[in-house]
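See below for the structure under consideration.
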Amino acid sequence: MDARVVIIGGGIMGCSTAYHLARNGWKDVVLLEQGRLSGGTTWHAAGLVGQLRSHQNLTRLIRYSTELYAGLEAETGLATGWKQCGSLSVARTPERMTLLRRSAAMANAQNVVCEELTPQQAGERYPLMRVDDLVGAVWLPGDGKANPADITQALAKGARNSGARIFEKTRVTAIDSQAGRVTGVQTTQGPIKVEVVVNCAGQWARQVGRMAGVTVPLYSCEHMYIVTEKIDGVPRDLPVLRDPDGYVYFKEEVGGLLMGGFEPKAKPWKDVIPDDFEFGMLPDDWDQFQVLMGNALTRVPALEKAGIKTFMNGPESFTPDLNYIVGEAPELRGFFVGAGFNSAGIASSGGVGMALAEWIVAGEPTLDLWPIDIRRFANFHGNDTWLRDRVTETLGLHYAIGWPQREAGSGRPLRRSPLYDRLAARGAWFGNRMGWERPNWFAGCGKKPDMRYGWDRGAWFDAVAAEHKATREAVTVADETSFGKFLVQGRNAEAALQRLCANDVGIPVGRTVYTGLLNERGTYESDLTIARLGTEKFLIITGSAQVTRDADWIGRHVPPHMHVTLTDVTGGWTVLSVMGPRSRTLLQAVSRGAFSNRAFPFAAIREIDVGYATLFAARRSYMGELGWELYVPAEFAVTVFEALHAAGAGFGLRDCGYYAIESLRLEKAYRAWGRELTPDDTPWQAGLGWAVKLDKPGGFIGRQALIEARNQPLARRLVSIVLEDGEPLLWGGETLLRDDKPVGDLTSAAYGHALGASVGLGYVRRDDGQIVDRAWLETGRFEVDLAGVRYRARATLQAPYDPTGARMKG
Ligand SMILES: Cc1cc2nc3c(=O)[nH]c(=O)nc-3n(C[C@H](O)[C@H](O)[C@H](O)COP(=O)(O)OP(=O)(O)OC[C@H]3O[C@@H](n4cnc5c(N)ncnc54)[C@H](O)[C@@H]3O)c2cc1C
C-alpha cells in the first residue's frame with residue numbers, strides 16, 4: 001500500500017491530526033493504531049478542558065479546541081460529552097492569589113473571560129467547597145469538560161468523512177528512510193510507502209522516535225484519580241474546581257465527583273512501554289495518592305462520606321518542561337511528532353492537531369510555536385536516567401506557583417562550563433538553559449546565595465543591582481559559555497549565509513555582523529551574530545536555546561550543491577563577556593593587544609592574548625557598554641578567568657550573572673529570540689530594519705514578504721516601557737493598556753537599575769490599522785496591569801538608556 005501520510009497512533013492527537021489533514025484537502029491520509037482507537041492514554045483522561053496557558057498562541061489553540069469540540073456532534077452525529085460548565089481556581093495564599101490575578105489580566109487581554117471572586121462568591125458557585133481558609137478565586141466561564149474517548153471517535157469519523165483511512169490492530173514496527181528522508185513504515189500488516197510520517201504515539205512516541213533515530217524526550221508517570229458514588233448537591237453542570245495549593249482538581253462525574261491531582265513528587269513508570277498496554281491501568285497506590293486525598297478532604301469535606309467507585313491509575317507522558325513536543329524532527333525530513341501532552345492532551349489536541357496539520361501542509365509552522373517546538377531539545381535530552389529524574393518533578397509543576405525566577409531542581413547539573421566550580425565558589429546562584437548551568441547572580445566569594453522565590457525583591461535584588469551598576473560604571477565579567485557556536489566553512493560559505501541572512505554578511509575577515517534569519521513570510525526564525533574568521537570560514541554565535549533549531553534551519557535551506565559545512569562547536573569554546581567603561585583598561589592590563597577605537601573598532605574580531613592564552617575577542621555588547629566578548633578555547637578558560645580576576649580588583653571588576661544581563665539589555669531595548677523575535681514578528685515590527693539589506697545582490701529568504709509588508713502601516717510595533725513608579729517589579733507577561741484599552745503585553749521585563757524603575761519590551765497594536773508612531777505613543781495614557789493593579793508607564797520607540805549608543809562605541 002502507498003499513502004501520502006501515515007499517522008501513528010489513534011489517540012485524540014492522532015485522530016485530530018488526521019481530521020485536520022483530511023479537511024485541509026490532503027488525500028491518502030492513513031492512521032494506524034496498534035490496538036483500538038483511544039485505547040492508549042486517551043480513554044481514561046479526566047476530560048477537563050482549561051483554556052488558559054502561559055503562551056498566547058497555546059491559549060489560542062485550546063480556545064480553538066473548545067470551539068471544535070462544541071461543533072463536532074452536529075458535524076459527525078457522534079456525541080462528545082462536551083459541556084461548557086466553567087471552572088474555578090482557588091487560592092489558599094496571597095502569593096497564589098497574585099498568580100491568579102496575573103492570569104486573569106492575561107486572560108482578559110486575550111478575550112478569555114476571567115473574573116476574580118471572593119471566597120464567598122466562589123462558595124456560591126460551588127456550595128460543597130470549604131471557603132473559610134481561602135484568599136480568593138477566579139472564574140473562567142468558557143472552560144469545560146468532555147468525554148475523551150467520544151471526542152476521539154468523533155474526530156475519527158470526521159476524518160473518515162473527509163477521506164482518511166483508519167486501520168486498527170496495525171502496529172508500526174519500523175520506519176524506513178533514505179538520504180535523511182522518511183520513505184515508509186513497516187507494519188504488522190505489511191509495508192507502506194509514504195512521504196510523511198506523523199508520530200502521535202502518546203507515551204510510546206519515544207520508542208517510535210527511536211525507530212527513526214529521532215529524540216522524543218518524554219517519559220511516563222503514574223497519574224491517579226478517584227470517582228465517587230453519587231453525592232447529594234452535585235449537579236450535572238457543577239463547574240470544574242482546581243485547588244492548586246492542595247494539588248487537586250474536581251469534576252462532576254455521573255452525579256459524583258472525580259478527584260485527582262498533581263502531587264509534588266511524581267512516580268515515574270518505566271523506560272519501555274509494553275506494546276500491549278491497551279486500555280491498561282496500573283495498580284492502586286493509596287500511599288502515593290494520600291497527599292491528594294488529604295487536601296481534597298480539606299476542600300470538599302463531603303468526600304469523607306462518599307463511596308469510592310473507581311481508583312484510576314493511568315500512566316501518561318511528561319516532558320522536561322511541561323510543554324508538548326510538536327513539529328518536524330530535525331534528525332529526519334518528513335518525520336513529524338505530536339506528543340508529550342503532560343496531562344493536557346484532551347484540552348490541547350484539537351488545536352495542536354490543527355496547527356500540526358498546517359505545519360505539515362505548509363512545510364513550516366504558520367505561527368509561533370516555539371514553546372512546543374521539538375527543536376528546543378537536543379539529543380542528550382533523550383537520556384533515560386535524566387528524563388526519569390526530570391519528570392518526577394515536572395508533573396508536580398502543573399500546580400506549583402509559576403514563579404518568574406523558578407528553575408528546575410532536578411536532573412542538574414547537566415552541562416557545565418569549565419568555570420563552574422570557580423563561579424560556585426564566588427557564590428553563583430545557577431539557572432539552567434538547554435542543560436547548561438548558568439550563573440544568574442552572585443552572592444560573593446564564599447557566600448551561599450539566599451534564593452527564595454517570590455513576586456517581590458529578595459536577596460538577589462541588591463546583588464543584581466551591584467552587578468548592573470558595576471557594568472555601567474566600571475567593569476564586569478560574565479560567563480556566557482552556553483551561547484551556541486557553529487563554524488560555517490567551505491567555498492560557498494559566504495553565498496550560503498547571504499541567502500539565509502537578512503543583513504549583508506559579506507563582511508571582511510576580522511569583522512562581525514548581527515543578522516536575522518527569516519522565513520518566506522519575512523518573520524524571524526532566529527537572530528544571531530556572524531564573525532568572519534577567514535575567506536571561507538565564519539563563526540556563528542547564537543542563543544543557548546537555539547542550537548538545534550538553527551542547525552536545522554540552516555541545514556534545510558542550504559542547497560545540496562553548495563560546498564559548505566556546518567559544525568556545532570558550542571562545547572569547545574567558553575565565552576567571557578568583559579563589559580563596562582573600564583573594560584578597555586582591564587584588557588590592556590592582561591593582554592599585549594591594542595584595544596583603542598582605531599586599533600579595535602566596534603564590530604571587529606581579533607585574535608588576542610590574555611596571559612598565556614590565545615583567543616578571539618569581538619568588540620560587541622548585549623549590555624550597551626564598551627566591551628568585548630572573549631571566545632576562549634575551553635582549555636584556556638580557567639587561565640583567562642584567573643588572569644582577569646587577578647588584574648581586575650584595581651578596576652572594580654565584579655562577576656555578572658544573567659539577571660543583570662537581562663536588566664542591562666532591557667534598558668538598551670535589545671531584543672531576545674523567542675520573546676521579542678519570533679515567527680510572528682517582522683524586522684519592521686521589531687524595529688530592526690537597520691539589520692535588513694533589501695538591496696544586497698542575490699536577495700535572501702523573506703525579502704519579498706518584507707517588501708510587501710513595507711507598504712503597510714506599522715499598526716503593530718515593539719516599544720520600550722518604563723514604569724513611572726520606581727517600586728513595583730515587572731516580570732514579563734503583564735498586560736499593557738492605552739487609555740484603559742488592552743493594546744499588548746510585555747514580552748520581557750526586569751528592574752532597570754540605572755533607570756530606577758522596571759523596564760520592559762512589548763508589542764502594541766492599533767485597532768484602527770494606523771501606524772504606531774511617536775505621536776500615538778505620546779498622546780495616549782499607558783499603563784501596565786500588574787496582578788490587577790494599574791501603574792502608569794512611558795512607552796517609547798527608542799531605548800530608554802543611552803539611545804544613541806554612544807557609550808558602547810566610546
Ligand atoms: C489519569 C489521567 C487523567 C487525565 N486527565 C486529563 C484532563 O482532564 N484533561 C486533559 O486535557 N488531559 C488529561 N489527561 C491527559 C490525556 O489523557 C493525554 O494527554 C492524551 O490522551 C494523549 O493523547 P495522545 O493521542 O497523545 O496519546 P494516546 O491516547 O496514548 O494515543 C497514542 C496511541 O498510539 C498508539 N501506538 C503507540 N505505538 C504505536 C505503534 N508502534 N503503532 C501503532 N500505534 C501505536 C497507542 O496504542 C495509542 O493508542 C489525563 C491523563 C491521565 C492518565
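The first residue of the sequence shown is numbered 1, and numbering continues consecutively from there.
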List the steps and the verdict of side-chain hydrogen bond (donor to acceptor under 3.5 Å, both in side chains) for Arg390 and Ser410.
CA-CA 5 Å; Arg390 175 53 64 87; Ser410 58; 3.1 Å; yes
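Residues meeting the side-chain hydrogen bond (donor to acceptor under 3.5 Å, both in side chains) test with Ser621, sequence neighbours left out: none. By the salt bridge (charged side-chain N to carboxylate O under 4.0 Å, His left out) test, Arg415 pairs with no residue at all, sequence neighbours left out. Partners of Tyr64 by side-chain hydrogen bond (donor to acceptor under 3.5 Å, both in side chains), not counting sequence neighbours, listed by chain and number: His20. The salt bridge (charged side-chain N to carboxylate O under 4.0 Å, His left out) search around Glu662 returns Arg665, Arg675, not counting sequence neighbours. With sequence neighbours excluded, the residues satisfying salt bridge (charged side-chain N to carboxylate O under 4.0 Å, His left out) with Glu364 are Arg521. Checked against salt bridge (charged side-chain N to carboxylate O under 4.0 Å, His left out), Arg4 has the following partners two or more places apart in sequence or in another chain: Glu195.
The aromatic rings of Tyr622 and Tyr670 lie parallel to each other, their planes meeting at an angle below 30°, with 60° marking the opposite boundary.
Under the salt bridge (Lys or Arg N to Asp or Glu O under 4.0 Å) criterion, no residue pair touches residues 211-220, with sequence neighbours excluded. For residues 507-530, every residue pair satisfying the ring pair (Phe, Tyr, Trp, His ring centres under 6.0 Å) rule, not counting sequence neighbours, is listed here: Tyr514-Trp690. Applying the salt bridge (Lys or Arg N to Asp or Glu O under 4.0 Å) definition to pairs two or more places apart or across chains, those involving residues 537-554 are Arg333-Asp552, Asp373-Arg549, Arg375-Asp552, Glu525-Arg549, Asp552-Arg556. Judged as a salt bridge (Lys or Arg N to Asp or Glu O under 4.0 Å), not a single pair has a partner in residues 497-518 (not counting sequence neighbours). Legend: salt bridge (Lys or Arg N to Asp or Glu O under 4.0 Å) pairs involving residues 689-704, not counting sequence neighbours: none detected. Among residue pairs with one or both ends in residues 486-495, those qualifying as side chain to side chain donor-acceptor pair (under 3.5 Å) are Glu494-Arg532; sequence neighbours excluded.
Ion pairing between Asp384 and Arg210 holds under the 4.0 Å rule for side-chain N and carboxylate O. In this structure, Lys193 does not pair ionically with Asp176, as no charged nitrogen and carboxylate oxygen lie closer than 4.0 Å.
Looking only at distances, no side-chain donor or acceptor of Asp28 sits under 3.5 Å from a matching main-chain atom of Trp26.
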